[in-house]
Amino acid sequence: MKVAFLMGSDSDLPRLEQGLALLGELEIPFEARVLSAHRTPGPLLEYMAQAEERGAEVFICAAGGAAHLAGVVAAHTDKPVLGIPMDNPPLGGLDALLATVQMPGGVPVATFGVGSGGPANAALFAARLLALSDAGLAERLAAWRLTQAEKVAAKDERLQAQLGS
Ligand code: RP5
């Protein structure tokens, strides 16, 4: 395992699947766990006590509402912590965004966007961090970026065909 992908609830999972799929596509060993800073504080600390020994190089933490998961994880590691604020009702994720991004000085959390791009970008950012010391992964990332550009170009071609231009 190189990436520990933690979420505060299984209700977060459906919106995180694109990020998990990207880690798989880029052949990055990861594990995903439901661990809550509030509901399971003990098991979260037990997890943090052994995650690095088991290989975790980057932590991705997704939580909604009063989202303290990424901050608590960052308080227990010197590895990079990437926070994903979940867009839950009734406040639409602004609560989680502020809770995740407004960390006190000395405990950094890199916070990603609320909504559909956040999980994918957190996974890609984790890949970029790991690619700094993994040439094979750097190549896979470059190939992935090329494929993404080709997909967008194909969409543009289809649009031009529809418009008859
Ligand atoms: C947070 O509370 C979780 O990350 C989730 O986004 C939110 C709601 O959790 P559930 O009540 O759906 O389990 O801790």
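For ligands, and for the atoms within them, numbers begin at 1 and follow the listed sequence. Everything numeric in this text was worked out from a predicted model, so none of it was measured. Quick note: residue numbers are just sequence positions, from 1.
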Item to check | Numbering as shown, the atoms of ligand 1 that approach Ala63 to under 4.0 Å (heavy-atom distance) | outcome: 4 (O)

Item to check | Residue part near ligand 1, for Ser9, under 4.0 Å between non-hydrogen atoms | outcome: both

Item to check | Residue and atom name of the nearest protein heavy atom (relative to atom 12 (O) of ligand 1), distance in Å to one decimal | outcome: Ser11 OG, 2.6 Å

Checklist entry - How close does the nearest protein non-hydrogen atom get to atom 11 (O) of ligand 1, and which residue and atom is it? => result Arg39 NH2, 3.1 Å

Checklist outcome for this item: If we number the atoms of ligand 1 from 1 as shown, the ones under 4.0 Å from a heavy atom of Asp12 are 3 (C), 4 (O), 5 (C), 6 (O)

Checklist entry - Is the shortest heavy-atom distance from the side chain of Ser36 to the side chain of Leu69 under 4.5 Å? => result no

Next on the checklist: With heavy-atom distances below 4.0 Å as the criterion, list the atoms of ligand 1 near Asn88.
Outcome noted: 5 (C), 6 (O), 7 (C)

Checklist entry - Within the distance-only criterion (no hydrogens, no angle test), does the side chain of Gln50 pair as donor or acceptor with the backbone N or O of Tyr47 below 3.5 angstrom? => result yes

Checklist entry - Identify the closest protein heavy atom to atom 2 (O) of ligand 1: which residue and atom is it, and at what distance? => result Gly64 O, 3.9 Å

Item to check | Polar side-chain atom of Asn121 near backbone of Gly118 as donor-acceptor pair, under 3.5 Å | outcome: no

Checklist outcome for this item: Scanning both residues in full, the closest heavy-atom pair of Ala131 with Leu137 reads N-CD2, 3.7 Å

Next on the checklist: Using a plain distance cutoff, I'd like to know if Ala62 has any nitrogen or oxygen under 3.5 Å from a nitrogen or oxygen of ligand 1.
Outcome noted: no

Next on the checklist: Rounded at 0.5 Å granularity, tell me how far CG in Leu22 sits from CG in Leu141.
Outcome noted: 9.5 Å

Item to check | Sidechain N-carboxylate O distance under 4.0 Å for Arg54, Glu31 | outcome: yes

